[in-house]
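Some notes on the structure that comes next.
Quick caveat: nothing in here was measured; it's all calculated off a predicted structure.
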Amino acid sequence: TVLLDYDYQVWTGSAGNLAQLLSGIDNVVNTDSSCGHDGMPGLSPGTTGSVNDRNLTAPTTLGTYNIEMGYDLQFNCNDAVANYTNLTKKVIGTLTVVTQPITIYRPNSYNGGSLGDRNSTKAFCASALPSGYTNYQAFINYSAADSIANMPSNYDVPTNLKIQSPNGTIIANNWADLLDGTIIISLRDAGILATSWWSGAASADGTHIDGVTPNCANWTDNSTDGQLGSLLSTASQWMISSVTTCSPQDWTLLCIAYP
C-alpha cells in the first residue's frame, strides 16, 4: 500500500455543478474508493483543500507505474469511482516497484568448524540479520542434497535477484552468476569478511560430494577438516581456497538474507 498526500484546487464551469477528484495508479482507483473532493466547488478560483493518507494499492509486478489524478462531474463519489477508468487523468508522479536483492553477510558469532546442524547455523545467522528481511539461511554445504547449489529448491532462494553485501556492493548479478566460478568483487573488498569462511563446497558451483568434500563431519567435529573459501579471491577460490583443521579459530560462517 502507498499512502498519498496532496493539496488541490478545483472549480467548475457552472456554480451549481458537482465535482469529484480521485487518485489511482495506472487506471486503478484508490483502494478505499473515496474522493479527495466531492461537492460543489463553485466557479474559478473554486475551492482548495488537502488530502492525507489516501490508500493506493501498489502493483506486485516489478516496473514503473503512473500515480494519477482524475476529475469528474458526477452526482456523487460512487458514480465517479465507477467512471474512473473512462476519465482522462493527469500524471502527478511515478511509483517504481522493486524487490530486495539477496544479501550475503557475516553473523556475530561462531565457533570453529563445529557449527552444528542447519538449525544451529541458521540461529547464528539470525544474530546479524539485515533489516527488512525475514528469510535467511547459512550459506554453507551440509551434503549433496543440502548444498549451496540446491538452496533455491530447498529454501526458496530467488534465482533472478542481484547478490550484494550489507553495504550494497554487488557481488553477482543473479544466483547463476554467483555460482559460475567467479564473482564481481572479493568478499573482503565488498566489506563482508576480514577472514576466510567455511564453505564445505566441492567446487565453486556450490555442490558437495558426500564422503569426499571435507565439512567438519557435517560441522559437528572440530577434530576433522573443513573446506574454506577465500576472502580475497574473485575466481573459484572464493568458495574453494583450502582445506584446514576444524579446531576453533578465526574462520567464519556466511549467511544469506533474501525476500
Any donor-acceptor pair under 3.5 Å linking the side-chain atoms of Asn218 with those of Thr220? no
Within one Ile-Leu-Val-Met-Phe-Trp-Tyr cluster: Leu161 and Ile183, side-chain cutoff 4.5 Å: yes
Could you grab the distance from atom CD1 of Ile104 to atom SG of Cys255, nearest 0.5 Å is fine? 10.0 Å
Heavy-atom closest contact (Leu4 atom, Ser23 atom, distance): CD2-CB, 3.7 Å
Between Trp198 and Ile140, which heavy-atom pair has the shortest distance, and what is it? O-CG1, 3.8 Å
Are Val10 and Leu18 connected in a single hydrophobic cluster, I mean Ile/Leu/Val/Met/Phe/Trp/Tyr linked by side-chain heavy atoms less than 4.5 Å apart? no
Arg54/Asp5 ion pair, N-O < 4.0 Å: no
Quick check against the 3.5 Å criterion: does Asn141 have a side-chain atom that pairs as donor or acceptor with the backbone of Ser143? no
Verify, without hydrogens or angle tests, whether Gln100 (side chain) and Tyr258 (backbone) share a donor-acceptor contact under 3.5 angstrom. no
Please give me the minimum heavy-atom distance between Cys246 and Gly226, naming the atom from each residue. SG-N, 3.4 Å
How long is the straight-line distance from CE of Met151 back to CD1 of Ile102, given to the nearest 0.5 Å? 9.0 Å
Spatial distance of atom OG (Ser247) from atom CG (Asn222) [nearest 0.5 Å]: 6.5 Å
Do Ser120 and Asp117 pair up side chain to side chain, a donor and an acceptor below 3.5 Å, judged on atom types alone? yes
Rounded distance [0.5 Å steps], OH in Tyr65 versus CG in Leu95: 8.5 Å
Check: Ser186 side chain, Thr234 main-chain N or O, donor-acceptor pair, under 3.5 Å: no
Which pair of heavy atoms, one from Ala201 and one from Ile240, lies closest together, and at what distance? O-CG2, 3.4 Å
To the nearest 0.5 Å, atom CD1 of Ile25 lies from atom CG of Asn30 at 9.5 Å
In terms of hydrophobic clusters joined by side-chain contacts under 4.5 Å, are Tyr155 and Met239 together? yes
Test item: Tyr105 side-chain N/O and Cys125 main-chain N/O as donor-acceptor pair under 3.5 Å: yes
Just by distance, no angles: are the side chains of Lys89 and Asn27 close enough, under 3.5 Å, to form a donor-acceptor pair? yes
Whether Trp238 and Phe139 hold their rings parallel, tilted or perpendicular, with breakpoints at 30° and 60°: parallel
Is Lys122 close enough and on-axis enough to Tyr136, meaning under 6.0 Å and within 45°, for cation-pi? yes
Would you check if there is a donor-acceptor pair between the side chains of Asn83 and Asn86 at a distance under 3.5 Å? yes
Quick one: does any side-chain atom of Asn150 pair with a main-chain N or O of Ala144 as donor and acceptor, under 3.5 Å? yes
Minimum heavy-atom distance Tyr71-Ala19, with the two atoms named: CE1-CB, 4.0 Å
Any donor and acceptor pair, going by atom type alone, linking the side chain of Arg118 with main-chain N or O of Ala138 inside 3.5 Å? yes
To the closest 0.5 Å, what do you measure between OG (Ser242) and CD (Gln227)? 6.5 Å
Hydrophobic cluster membership, with links at side-chain heavy-atom distances under 4.5 Å among I/L/V/M/F/W/Y: are Trp197 and Leu115 in one? no
Kindly determine whether Tyr8 and His37 satisfy ring pair (Phe, Tyr, Trp, His ring centres under 6.0 Å), including the steps that lead there. CA-CA 9 Å; Tyr8 67 85; His37 171 84; 5.8 Å; yes
Do side-chain atoms of Asn17 reach the backbone of Thr12 as a donor and acceptor pair under 3.5 angstrom? no
Donor-acceptor contact below 3.5 Å, side chain Asp225 vs main chain Pro214: no
Over all heavy atoms of both residues, which pair between Ala257 and Leu129 is shortest? Give the atoms and the distance, please. CB-CD1, 3.8 Å
Are the side chain of Asp26 and the backbone of Asn66 linked by a donor-acceptor contact shorter than 3.5 Å? yes
Does one hydrophobic cluster hold both Leu193 and Trp251, with members joined at side-chain heavy-atom distances below 4.5 Å? no
